[in-house]
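Here is the naming used below: chain letters follow the sequence lines, and residue numbers restart at 1 for every chain.
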Amino acid sequence: MSEARYDPAAIEPRWQEIWARERTWEVSNEPDGRPKYYVLEMLPYPSGEPHMGHLKNYALGDAVAHFNRRIGRRVLHPMGYDAFGLPAENHAIKTGVHPRDSTASSIESFQRQFRRWGISIDWTREFGTHEPRYYRWTQWLFLKLYERGLAYRKEAAVKWCPNDQTVLANEQVTAEGTCERCGAVVEARQLEQWFFRITDYADRLLEDLATIEWPEHVKTMQRNWIGRSVGAEVVFRCEELGIDYPVFTTRPDTLFGATFFVMAPEHPDVLRLVEGTEREQAVRDYVNHAMTESNQERGDVEKAKTGVALGRTVTNPVNGEQIPMYVADYVLMEYGTGAIMAVPGHDERDFAFARAYDLPIRRVIEGGEELPYSGDGLLVDSHPDFDGMGNREALEAIVAWLDREGKGHASVNYRLRDWLVSRQRYWGCPIPIVHCPQCGMVPVPEEELPVELPDVTEYKPKGKSPLAAVEEWVNTTCPSCDGPARRETDTMDTFVDSSWYFLRYCDANNDEAAFDRKVLREWMPVDQYIGGVEHAILHLLYARFFTKAFADMELLDAQEPFQALFTQGMITRDGAKMSKSKGNVISPATYVERYGADTARCYILFMGPPDQDVDWSDEGVEGVHRFLARLWRLGLELGASAPAALAPESLAGDDLVVARKAHWVIEKVTGDMAGRFAFNTAIAAVMELVNECYRHRESAAPQTLRFATATAASLVFPFAPHVASEVYELVTGERVWEQPWPTPDPALLESDTFELVCQVNGKVRDRVTAPAGASREELEALALAAPNVRAHVDGHEIVKTIVVPEKLVNLVVR
RNA sequence: GCGGCGGUGGCGGAAUGGCAGACGCGGUCGCCUCAAAAGCGACUGUCCGAAAGGACGUGCGGGUUCGACUCCCGCCCGCCGCACCA
């Protein structure tokens, strides 16, 4: 073979220049008869340089984009930057560099890398969410939500990060009660904040999961997060004070087993109930203690139940019983009504509390050996009308009865809270609202958008947005009465920016509107969305909410933003997540420099199933590099001729072997790519084809080898576009991306003979060549004649024969 | 505790109920070379055997089946999500 060396540094820039010069990957919004396909990778947050996860993400998306173009679809594959956010701002606090400047330089490195990697992007649709031409429309959409009552301000107990000096959405607080961004322990504060009414959409967000092709675990995470519980609200009355306390329960069938009543320490009535009584001090002490405990401590399931009696009683509405009231920290203010009926016989937590405080425990449902029993069964010791009924049936009967008596009603509860979107930070999209002493909150008129983010000199937040210090910006006139007024100084959560960017891509240069409904009809929904599973709840839930809210406003037609979702696994190093603190970070740039973009991209896809975490190995990269070099050398050696076509009927011998292999690989790769993400096995199949070419490169005709090499290049193009273009050009003189995706010739997928597997009692004993289409009898006879089959059958009685045509014969002997 | 996903050679990983281990890495041997690198080729699950061949083998224990990595039941282990959610 030739002495020439595969040199990606020479090959790759050449093709990148052609694609840039000819704007090969741009796509028009005008339909042209081809079916549309919108493939999108989650947009990057531009901070520093791109890392391996980015390379994987965009290598995956690019493979999908290329494949779909080649099978005749009009593919939208855009790119942008999620540019507002805390890291750039924290960097500014430390260094004084304006976040706009650090963000711009990071965006430049991303742009450079994406071009260096040869990702096929339509650059005419590029934007950063921090650009006024984008956030103008983020503000406009905010006002649309405000108009519909879906954006509102209220005072509430909210999560506050003392380090970042801002409120956080529930979704941004980890299970340990720490800030998702900086890790500080989050505090509770009572503050007035902006919210989006995502809870209005809880049911639809839940139901429509059935209509989208997402990984089951992501759907499960969203279901868990929304946390829909069906039950009833039941009113317990405190007669002494004449106050009704509704509680939410999923088990109204156990109402007759309620023996006490518990309120959350944060419940506003707890102190009022004990004011002036001998219980007051004890209750105050308990409440104060509960408040000082962290969420983590309080949330510990193993912790012993504690609480204090309030010295009051409420009436159980189903039987008129007076049951004692308690305050206990196992009841949460943020779920249900902040008060519960306690049924120790049929609830583990209530049982534990009853044990600790010596409260009565009553069985009202049969089943289980001992209490607490939370399963199904017949009602007992409840009421003659319900005793003997199955509890599920009784549940409905009891709720109906409560409803008639005005003591309760069927009810649904959600874990999902409204989305807190305001942040007391600088580097975000300003909220386009003016506070007027006369008119109250007034939206900034549409024609005055965007409300531009002013420059500041001090980025450090002090519990208020740094914007509050910019007096000349804050002071404005009321759009309604022209009187003096002040601008809202909070900015929006960056997740607001990324909740609609996929809509803007469709119509990115529209100066008249956020997007045109007709254009969106052409592109939406995204056919294939690709990104990390870390966004399973936050981003993916918010984007679904936005899409549904805008669909309700008739701004668009899609009900779901992302028809199919693929969640990629992490790339680890020595089995651990890459991080600066572990010192195990490797940069894609290093490998792209050393081996070329094609090798780096191909290796990432070859490592294993892309939804799985995989460990980076330097030896593995070498292997893929060798494969591409072998392919390239084949192309160089064979050189160009007329486009390689083969007449199947004229093939024989090794030419037939090579041609068959090529067609088998076409079918294999096509199957692995269409709808599946089996890129690792697709690449492996192309490797087999290249190996086959080498094996027969002395014996097969050049034209056959040329065809096989062109096929290999064509099939590997979605993963290694540069070298594939080069090799395809070498052997055919044509541009591979302008060729349709190859289709296998059925005549070459079949063979005249096949290898018949001969089993005795299910164990393989021999293999013989059999003619294709042989009858069952012929196959049986062939198997019986196989020498090693004879050895295992002789002296035994054949009791059964299984023949699988074109595959195997299994002889069952005794 | 609930839900989801996974467990296959020395390693990463392949296998519509039908030849377990494709492909790659690593390893052994050979060719090329003055030599090396690169390249090319052969072999490479474990055990027994000179070979032919045989036995064993996909976390564990059962089951269904002519035949199970694959389907069913019961466990063990690992990862991820949720969790005092009434």
Protein-nucleotides 41-48 of chain B N/O pairs under 3.5 Å:
| from | atom 1 | to | atom 2 | distance (Å) |
| --- | --- | --- | --- | --- |
| G41(B) | OP2 | Arg630(A) | NH1 | 3.4 |

Test side chain to side chain contact (heavy atoms under 4.5 Å, CB included) applied to [X] - qualifying residues, sequence neighbours left out:
X	value
Asp618(A)	Arg573(A), Tyr591(A), Trp616(A)
Ala685(A)	Trp664(A), Val665(A), Lys668(A), Val669(A)
Asn391(A)	Arg251(A), Asp253(A), Ile365(A), Asp376(A), Leu379(A)
Glu233(A)	Pro246(A), Thr337(A), His409(A), Ser411(A)

Taking only the side-chain nitrogens and oxygens of Thr681(A), find out if one of them lies under 4.0 Å from OP1 or OP2 of C23(B). no
Return no unless some side-chain N or O of Lys807(A) is found under 4.0 Å from OP1 or OP2 of G18(B). no
What's the base orientation of G9(B): syn (chi within 90° of 0) or anti? syn
What nucleic acid atoms does Glu348(A) come within less than 4.0 Å of, heavy atoms only: base, sugar-phosphate, or nothing? nothing
Using a strict heavy-atom distance below 4.0 Å, which residues from residues 615-628 of chain A are in contact with RNA chain B? Glu619(A), Gly623(A), Arg626(A)
Applying ring-ring contact (aromatic ring centres under 6.0 Å, His included), name anything that partners Phe236(A), two or more places apart in sequence or on another chain. Phe261(A)
Phe353(A) meets the ring-ring contact (aromatic ring centres under 6.0 Å, His included) criterion, sequence neighbours left out, with Phe260(A), Tyr326(A), Tyr330(A), Tyr357(A)
For residues 667-689 of chain A, pull every pair meeting ring-ring contact (aromatic ring centres under 6.0 Å, His included), keeping only residues two or more places apart or in separate chains. Phe566(A)-Phe677(A), Phe677(A)-Phe679(A), Phe679(A)-Phe719(A)
Please enumerate all protein N or O atoms sitting under 3.5 Å from an N or O of nucleotides 50-56 of chain B, with distances to 0.1 Å.
| from | atom 1 | to | atom 2 | distance (Å) |
| --- | --- | --- | --- | --- |
| G54(B) | OP1 | Arg765(A) | NH1 | 3.2 |
| G54(B) | OP1 | Asn788(A) | ND2 | 3.1 |
| G54(B) | OP1 | His792(A) | NE2 | 3.4 |
| A55(B) | OP1 | Arg765(A) | NH2 | 3.3 |
| A55(B) | OP2 | Arg765(A) | NH1 | 3.1 |

Run the side-chain hydrogen bond (donor to acceptor under 3.5 Å, both in side chains) test against Glu692(A) and tell me which residues pass, sequence neighbours left out. Arg695(A), His696(A)
Sorted by chain and residue number, the side-chain hydrogen bond (donor to acceptor under 3.5 Å, both in side chains) partners of Arg355(A) (sequence neighbours excluded) come out as none
Has the side chain of Arg767(A) got a donor or acceptor atom sitting under 3.5 Å from an opposite partner on the base of C19(B)? yes
Centre-to-centre under 6.0 Å for Phe351(A) and His346(A), is that the case here? no
